[in-house]
Number of protein chains: 2
Amino acid sequence: MSPRRRDTEGTAAARAERRAELLATAAEVFAAKGYAATTVRQVADAAGILGGSLYYHFDSKESMVDEILSTFLNEMWAAYDRVLAAGLGARETVEAIVVESFRSIDRHRAAVVVYQNESRHLAATSERFTYLLESHRRFEEMWMSLLERGVREGAFRPDLDLPLVYRFVRDTVWVAANWYRPGGRLAADDIAKQYLAMVLEGIQA
Amino acid sequence: MSPRRRDTEGTAAARAERRAELLATAAEVFAAKGYAATTVRQVADAAGILGGSLYYHFDSKESMVDEILSTFLNEMWAAYDRVLAAGLGARETVEAIVVESFRSIDRHRAAVVVYQNESRHLAATSERFTYLLESHRRFEEMWMSLLERGVREGAFRPDLDLPLVYRFVRDTVWVAANWYRPGGRLAADDIAKQYLAMVLEGIQA
DNA sequence: GATACTTTCTAACAATCGTTTGGTAGAGTT
DNA sequence: AACTCTACCAAACGATTGTTAGAAAGTATC
């Protein structure tokens with residue numbers, strides 16, 4: 001590892017870190033005001049620099065959301081895949097997936113909000129966001145086969161409409177990102193526990 | 001009722017009808033592409049007229065969303081108030097509120113989507129949208145007292161975190177607007193029934 | 001202390017936005 | 001047939017948008 005090599009690595013790492021910083025603040029602003037309603041000058045303001053300076057780090061406003069969303073989705077699916085590969089029963093898998101989802105919200109709150117609010121519009125306006133639809137498709141596939149397996153294993157009620165249950169579970173897990181604040185009254189794992197109690201056992205006495 | 005009077009009433013009614021038509025198409029476009037990302041020219045296109053022509057009917061783009069959202073909220077709260085005034089038990093009231101919510105989604109799908117996606121941003125940018133926060137407050141008040149009463153009456157489990165249950169129920173009812181299509185496989189009342197079965201009894205066998 | 005490189009600023013750009021103005025086609029009234 | 005009113009069109013407006021180019025400040029290297 002030559003000095004020269006370490007230099008380029010050092011500056012490359014510093015540059016990546018700065019990118020991550022800027023993306024984090026961009027995600028916060030996008031989540032708070034909406035992607036389309038947010039100007040690059042507002043993002044730059046929040047980061048303490050001027051609008052044009054963002055273009056030293058990023059190609060465009062679009063590539064900022066792109067990186068925000070793809071980073072989040074990659075990490076989330078990595079966690080999901082670990083759970084799915086563990087070979088658990090359907091019910092245990094559902095529990096683990098829900099826990100991982102709330103941990104994802106805990107780590108990427110702003111990105112989740114942006115994903116929820118903007119992914120549909122983004123996928124409709126540009127080819128570069130088709131991976132959002134692909135992720136959506138994987139989501140449906142995962143949940144549907146999980147629910148079907150759960151019914152076969154006798155873990156879930158057989159009298160419910162599964163596509164409806166799927167949408168119900170999928171949506172309710174992620175909307176929590178809209179009110180969740182890290183460091184609040186309840187930790188992510190506590191919320192997951194309560195959420196699972198509601199979905200699995202219901203709220204009636 | 002003089003002829004003169006009937007004339008003005010006739011043209012006033014025709015004007016109101018045209019407004020309603022335009023607001024319906026505007027709501028669809030806002031729901032599909034997001035309010036901020038939608039241009040008034042796109043709304044006008046969908047209505048078959050030119051951008052500037054919208055300003056014969058409306059003061060501004062802002063007043064269009066305003067009218068879309070306030071119309072929806074007024075009708076929804078009227079339905080809610082009828083239920084709340086019926087003097088039912090907590091569980092029966094919850095069931096009736098959920099049914100009314102899905103009927104609201106059935107009638108005002110686009111408006112509900114806009115309300116869900118944009119109300120937070122709108123309330124933050126202009127004083128005229130403070131009624132959205134007020135509605136939000138009423139929502140929380142209604143659900144929390146309903147849930148507390150349900151626990152006292154022995155209808156709901158006492159071991160759950162009620163603020164969490166509130167957010168859970170509130171969100172899950174409305175997110176359905178994102179995928180629901182009138183005239184689809186399931187009618188609004190069927191969805192309400194299945195939804196109540198999930199929330200009250202849970203999905204486990 | 002000169003040099004090279006990184007990061008930000010300054011200042012503008014073309015495009016697009018919501019909105020306004022003045023005109024016009026057409027239906028209804030007299 | 002002249003007039004009025006309604007609903008729209010045609011064309012532009014200033015402001016703001018995302019984006020770019022070149023200069024300048026800051027930092028590290030020798």
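Note that the coordinates shown come from a computational prediction; the quantities given were computed from them, not determined experimentally. Letters A, B, ... are given to chains in the order of the sequence lines, protein chains preceding strands, and every chain is numbered from 1.
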Atom-pair distance (CG on Leu50(A); P on dA24(D)), nearest Å: 16 Å
Distance in angstrom units between Leu54(B) CG and dC8(D) P, rounded: 9 Å
Short side-chain N/O contact from Tyr55(B) to OP1 or OP2 of dT20(C), under 4.0 Å: no
Protein-nucleotide distance (Arg15(A), atom CZ; dT6(C), atom P), rounded to Å: 7 Å
Ser53(A) side-chain N/O to dC9(C) phosphate OP1/OP2 under 4.0 Å: yes
Spacing between Phe58(B) atom CZ and dT20(C) atom P, to the nearest angstrom: 15 Å
Any Arg41(A) side-chain N or O less than 4.0 Å from OP1/OP2 of dT19(D): no
His57(A) side chain near dT8(C) phosphate (N/O to OP1/OP2, under 4.0 Å): yes
Spacing of Ile49(B) atom CD1 relative to dA10(D) atom P, expressed in whole Å: 12 Å
Atom-to-atom span, CG of Leu22(B) to C1' of dT6(D) - whole angstrom: 14 Å
Whole-Å gap separating P (dA15(D)) and NZ (Lys61(B)): 19 Å
Pi-cation contact, Tyr35(A) with Lys61(A) (under 6.0 Å, within 45°): yes
Given dT6(C), dC8(D), dG18(C), the nucleotide with the shortest approach to the side chain of Tyr56(B): dC8(D)
Nucleotide dG18(C), atom C1' - distance to CG of Asp66(B) in whole Å: 17 Å
Touch class at under 4.0 angstrom, heavy-atom based, for Thr38(B) against every strand present: sugar-phosphate
